[in-house]
Chemist: 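Here you go, one structure.
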Amino acid sequence: MAATTPLYDTYMRAPLRFERGEGVWLVAEDGSRYLDFAAGVAVNSLGHAHPHLVEALKAQADKVWHLSNLYEVPGQESLARRLTAVTFADRVFFTNSGAEALECAIKTARRYHFAKGHPEKFHIITFEGAFHGRTIATIAAGGQQKYIEGFGPKAPGFYQVPFGDLAAVKDAINDETAAILIEPIQGEGGIRLASKEFLQELRALCDEFGLLLILDEVQCGVGRTGKLFAHEWAGIRPDIMAVAKGIGGGFPLGACLSTEEAAAGMVTGTHGSTYGGNPLAMAVGNAVLDVVLADGFLDQVRDVALVFRQGLASLKDRFPDVIEEIRGDGLMLGIKAKVPSADLLKAIRAEKLLVVPAGENVLRLLPPLITTAAEAREGLARLERAAEAVRSNSGNAAA
């Protein structure tokens with residue numbers, strides 16, 4: 001029987017087709033308007049068709065699209081200098097995605113120890129529930145069997161321990177350990193936060209044993225928690241950090257940030273990317289920083305996040321039979337459902353509100369960082385109606 005589509009059957013797509021976006025709204029082909037609190041899974045950090053991003057992309061498109069890294073790309077220098085000026089990092093390698101940023105981070109950590117004369121130190125401690133990408137190395141780093149199964153032997157050198165278990169981390173450290181890799185907030189894993197104390201303890205362990213601390217801020221970075229990067233809340237500095245998603249505002253862009261010391265082994269010829277750091281991506285990435293680093297922008301993110309947290313707490317109190325727990329930080333929030341999350345997702349979508357499924361029966365709210373308090377309240381009203389519908393359906397089913 002012939003396939004109904006020539007596409008791979010790797011996605012469970014919703015039967016929705018959008019033709020344009022306006023800020024926090026998406027407009028379907030039939031004219032229906034959806035409030036987008038999915039944001040392309042935390043990618044559309046400044047919403048849809050942000051005028052500053054559109055103008056930057058158009059202006060660059062009239063000049064040059066691609067050069068490759070055979071030549072100097074001025075936009076790379078500009079964006080890298082801006083990123084290093086506001087972070088722990090001294091060096092930046094640009095990629096096209098989060099998975100590629102993680103690959104670069106893993107290679108940077110391993111190469112660091114190799115260059116120091118310790119090629120045996122290539123093992124990286126990661127955490128159960130993590131998601132670091134879909135490449136052979138990053139599915140091994142994440143350690144989730146559902147992503148590893150069927151793709152041959154698991155790539156060696158990754159050891160998972162329970163999330164938040166410091167004793168397990170200590171027990172896992174040995175003479176082959178190179179680094180510890182963690183998401184400050186697990187996204188796919190169900191919006192699970194690493195506490196400030198745990199991140200501080202990991203930093204101390206890395207310092208004690210000569211390990212590198214790698215942070216995966218692909219989803220939680222670039223303003224999503226109300227600071228530029230989530231680890232800033234813990235007052236720590238990583239050695240290496242992978243970022244993507246929001247940094248491109250919808251254009252494919254990732255980056256691996258590193259200290260000078262950690263990147264010392266990444267000499268000429270050790271890594272590369274055909275498209276990484278292309279002029280179009282650099283123009284958009286610089287435009288994103290123009291907005292996110294503007295005075296007061298992150299203050300507004302924190303203010304709107306408070307509206308969400310208060311509203312979601314109220315919903316949990318009023319619908320304890322539907323909502324079990326509210327999780328997250330800033331504009332990276334999770335609703336752990338008491339009912340099957342698929343049922344709640346269906347009801348939310350019926351209210352023309354878009355959210356994202358995650359692990360542990362959680363639905364993620366990842367609204368654009370430009371969301372206003374009024375738009376947050378509109379989203380909360382739609383969530384309330386969805387919760388009412390689920391409660392009503394559950395009651396009908398019981399009757």
Chemist: So, does E217 use its side chain to make a donor-acceptor pair with the main chain of P184 at under 3.5 Å?
Modeler: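 Looks like no, no N/O pair under 3.5 Å.
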Chemist: Measure the spacing between CG of L363 and CG of L383 and express it to the nearest 0.5 Å.
Modeler: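 The CG atom of L383 is 9.0 Å from CG of L363, to the nearest 0.5 Å.
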Chemist: Ion pair present between D207 and R203, side-chain N to carboxylate O less than 4.0 angstrom?
Modeler: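 Here D207 pairs with R203 in a salt bridge, since their nearest N and O are under 4.0 Å apart.
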Chemist: To the nearest 0.5 angstrom, please state how far the CG atom of L193 sits from the CH2 atom of W233.
Modeler: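 With rounding to 0.5 Å, CG (L193) is 11.5 Å from CH2 (W233).
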Chemist: With clusters defined by side-chain heavy atoms of hydrophobic residues (ILVMFWY) lying less than 4.5 Å apart, directly or transitively, does L293 cluster with V301?
Modeler: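 Yes, V301 connects to L293 through the hydrophobic network.
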Chemist: Could you check whether any side-chain heavy atom of V92 comes within less than 4.5 Å of a side-chain heavy atom of L79, counting everything from C-beta outward?
Modeler: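 A side-chain contact under 4.5 Å is absent here.
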Chemist: Between R91 and A263 (side chain of the first, backbone of the second, donor and acceptor by atom type, cut-off under 3.5 Å), is there such a pair?
Modeler: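 Checking the backbone N and O of A263 against the side chain of R91, no donor-acceptor pair under 3.5 Å is found.
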Chemist: In terms of heavy-atom contacts, does OH of Y159 have more than 12 from other residues, nucleotides or ligands at under 6.0 Å?
Modeler: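 12 or below, so no.
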Chemist: Does any N or O in the side chain of R111 come within less than 3.5 Å of the main-chain N or O of G265, such that one atom is a donor and the other an acceptor?
Modeler: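 Yes, the answer is positive, given that a donor and an acceptor are paired below the 3.5 Å cut-off.
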Chemist: Taking all non-hydrogen atoms of both residues into account, name the closest pair between T177 and K121 and its distance.
Modeler: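 Distance-wise, the nearest heavy atoms are O-NZ, 3.1 Å.
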Chemist: Where the side chain of Q60 meets the backbone of A283, is there a donor-acceptor pair that is under 3.5 Å apart?
Modeler: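 No.
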Chemist: Under 6.0 Å between ring centres: does that hold for Y34 and F18?
Modeler: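 Centroid separation for Y34 and F18: below 6.0 Å.
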Chemist: To check you understand the geometry: which heavy-atom pair defines the closest contact between F251 and L280, and what is its length?
Modeler: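 Smallest interatomic distance, heavy atoms only, reads CZ-CB, 3.6 Å.
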Chemist: Should we say atom CZ of F114 is surrounded by more than 12 heavy atoms from elsewhere, each under 6.0 Å from it?
Modeler: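 Result for CZ/F114: open.
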Chemist: Under a 3.5 Å distance rule, please check whether T108 uses its side chain to pair with a backbone N or O of C104 as donor and acceptor.
Modeler: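 Yes, because the side chain of T108 sits within donor-acceptor range (under 3.5 Å) of the backbone of C104.
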Chemist: Report yes if some heavy atom in the side chain of K245 is under 4.5 Å from a heavy atom in the side chain of V41; otherwise report no.
Modeler: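 K245 vs V41: side chains touch.
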Chemist: Test of understanding: clusters of I, L, V, M, F, W, Y form through side-chain heavy atoms closer than 4.5 Å, transitively. Do M241 and L211 belong to the same one?
Modeler: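 Yes, one cluster joins them.
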Chemist: If you look at every heavy atom in V355 and L345, which pair is closest and at what distance?
Modeler: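 In this case the closest contact between V355 and L345 is CG2-CD1, 3.6 Å.
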Chemist: Can you give me the closest heavy-atom contact between V288 and G248, atom names plus distance?
Modeler: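 Shortest heavy-atom contact: CG2-C, 3.9 Å.
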Chemist: Rounded to the nearest 0.5 Å, how far does CG of L312 lie from CG of L333?
Modeler: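 So the gap between those two atoms works out to 6.0 Å.
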Chemist: In terms of hydrophobic clusters joined by side-chain contacts under 4.5 Å, are L369 and L306 together?
Modeler: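 Per the 4.5 Å side-chain linkage, L369 and L306 are not co-clustered.
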Chemist: Answer whether the closest heavy-atom distance between the side chains of V24 and P367 falls below 4.5 Å.
Modeler: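 They are not in contact (no side-chain heavy atoms under 4.5 Å apart), so the answer is no.
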Chemist: Evaluate the side-chain proximity of I335 to L315: yes if any heavy-atom separation is below 4.5 Å, no if none is.
Modeler: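 No; the side chains remain at least 4.5 Å from each other.
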Chemist: Let me see the working for I106 and H132 under side-chain contact (heavy atoms from CB on, under 4.5 Å), right down to the final yes or no.
Modeler: CA-CA 11 Å; I106 291 165; H132 297 299; over 6 Å; no
Chemist: Is a donor on one side and an acceptor on the other found under 3.5 Å between the side chain of K336 and the backbone of R327?
Modeler: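 Looks like no, no N/O pair under 3.5 Å.
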Chemist: Hey, is D299 close enough to R302 for a salt bridge, meaning N to O under 4.0 Å?
Modeler: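 A salt bridge is present here (some side-chain N lies under 4.0 Å from a carboxylate O).
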Chemist: Looking only at heavy atoms, which two atoms of A305 and L331 are closest? And how far apart?
Modeler: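 In terms of heavy atoms, the two residues are closest at CA-CD2, 3.8 Å.
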Chemist: List the steps and the verdict of salt bridge (Lys or Arg N to Asp or Glu O under 4.0 Å) for K338 and D343.
Modeler: CA-CA 10 Å; K338 202 71 166 283; D343 294 347; over 6 Å; no
Chemist: Take L366 and Q219 through the side-chain contact (heavy atoms from CB on, under 4.5 Å) test and state the conclusion after the steps.
Modeler: CA-CA 9 Å; L366 303 165; Q219 190 165 148; 3.8 Å; yes
Chemist: Short question: side chain of T126, backbone of A141 - any donor-acceptor pair under 3.5 Å?
Modeler: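 The answer is yes, because a donor-acceptor pair under 3.5 Å joins these two groups.
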Chemist: Would you verify whether the NZ or CZ of R110 falls within 45 degrees of the ring axis of F158 while also being under 6.0 Å from that six-membered ring's centre?
Modeler: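 Satisfied, under 6.0 Å and within 45°.
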Chemist: Is any side-chain heavy atom of E120 closer than 4.5 Å to one of H113?
Modeler: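 Side-chain contact under 4.5 Å: no.
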Chemist: Please state whether the rings of H52 and H50 are parallel, tilted or perpendicular, taking 30° and 60° as the class boundaries.
Modeler: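 H52 and H50: perpendicular rings.
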Chemist: What about V86 and L46, same hydrophobic cluster or not, with Ile/Leu/Val/Met/Phe/Trp/Tyr joined at side-chain heavy-atom distances under 4.5 Å?
Modeler: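 V86 and L46: one cluster.
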Chemist: Would you confirm whether S394, through its side chain, and V390, through its main-chain N or O, come within 3.5 Å as a donor-acceptor pair?
Modeler: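 Yes, the answer is positive, given that a donor and an acceptor are paired below the 3.5 Å cut-off.
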Chemist: Applying salt bridge (Lys or Arg N to Asp or Glu O under 4.0 Å), run through K316 and E325 and close with a yes or a no.
Modeler: CA-CA 7 Å; K316 176 184 175 295; E325 182 186 357; over 6 Å; no
Chemist: Taking all non-hydrogen atoms of both residues into account, name the closest pair between G328 and I191 and its distance.
Modeler: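 Shortest heavy-atom contact: CA-CG2, 3.4 Å.
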Chemist: Assess whether side-chain contact (heavy atoms from CB on, under 4.5 Å) is satisfied between W25 and D36, documenting all intermediate values.
Modeler: CA-CA 5 Å; W25 298 90; D36 184 10; over 6 Å; no
Chemist: Is the count of non-hydrogen atoms from other residues, nucleotides or ligands lying under 6.0 Å from E19 atom CD greater than 12?
Modeler: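 Result for CD/E19: enclosed.
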Chemist: Are any side-chain N or O atoms of R33 and backbone N or O atoms of V27, one a donor and one an acceptor, separated by less than 3.5 Å?
Modeler: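 Absent.
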Chemist: Is it possible for you to say whether I139 and L181 belong to one hydrophobic cluster, with membership spreading through side-chain heavy-atom contacts below 4.5 Å?
Modeler: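 They do not share one cluster, since no chain of ILVMFWY contacts under 4.5 Å joins I139 to L181.
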Chemist: Is E378 paired with R382 through a side-chain N to carboxylate O contact shorter than 4.0 Å?
Modeler: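 Salt bridge: yes.
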Chemist: We want to know whether S341 and N361 form a side-chain donor-acceptor pair, criterion being a heavy-atom distance below 3.5 angstrom.
Modeler: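 Short answer, yes.
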Chemist: Please identify which of these residues, E128, Q186, E183, meets the side-chain hydrogen bond (donor to acceptor under 3.5 Å, both in side chains) condition with R192.
Modeler: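 Only one option passes, and that is Q186.
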Chemist: Tell me, do F94 and N278 make a side-chain contact under 4.5 Å, heavy atoms counted?
Modeler: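 Counting from C-beta outward, F94 and N278 never come under 4.5 Å.
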Chemist: CG/L83 to CG/N286 distance, rounded to the nearest 0.5 angstrom?
Modeler: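 Here the rounded value is 8.0 Å.
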Chemist: Are there more than 12 heavy atoms of other residues, nucleotides or ligands under 6.0 Å from atom CG of D317?
Modeler: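 Result for CG/D317: enclosed.
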Chemist: Can you tell me how far apart CZ (R13) and OG1 (T5) are? Round to the nearest 0.5 Å.
Modeler: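 Going from CZ on R13 over to OG1 on T5, the span is 7.5 Å.
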Chemist: With the side chain counted from C-beta on, respond yes when F93 and M266 share a heavy-atom pair under 4.5 Å apart, and no when they do not.
Modeler: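 Side chain of F93 against side chain of M266, heavy atoms only: no contact under 4.5 Å found.
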Chemist: Quick one: are D239 and E261 in side-chain contact, heavy atoms under 4.5 Å?
Modeler: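 Heavy-atom side-chain distance check fails, nothing below 4.5 Å.
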Chemist: I'd like to know whether I236 forms a side-chain contact (heavy atoms from CB on, under 4.5 Å) with L213, so could you lay out the CA-CA distance, the side-chain angles of the two residues, the decisive distance to 0.1 Å, and finally the verdict.
Modeler: CA-CA 10 Å; I236 65 165; L213 179 60; 4.0 Å; yes
Chemist: Under 3.5 Å, side chain of N44 to main-chain N/O of P368, donor-acceptor pair present?
Modeler: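 Answer holds: no.
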Chemist: Please say whether more than 12 non-hydrogen atoms of neighbouring residues, nucleotides or ligands are located less than 6.0 Å from CD in E29.
Modeler: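 Count over threshold, so yes.
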Chemist: Just wondering, more than 12 heavy atoms not from K154 lying within 6.0 Å of its NZ?
Modeler: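 Counting neighbours around NZ of K154, more than 12 heavy atoms of other residues, nucleotides or ligands fall under 6.0 Å, so yes.
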Chemist: Relative to the ring of Y275, is the ring of H66 parallel (under 30°), tilted (30 to 60°) or perpendicular (over 60°)?
Modeler: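 Taking Y275 first and then H66, their aromatic rings sit tilted (interplane angle of 30° to 60°).
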Chemist: Using 0.5 Å steps for rounding, measure from the CZ atom of F319 to the CZ atom of R391.
Modeler: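 If we round to the nearest 0.5 Å, F319:CZ and R391:CZ are 5.0 Å apart.
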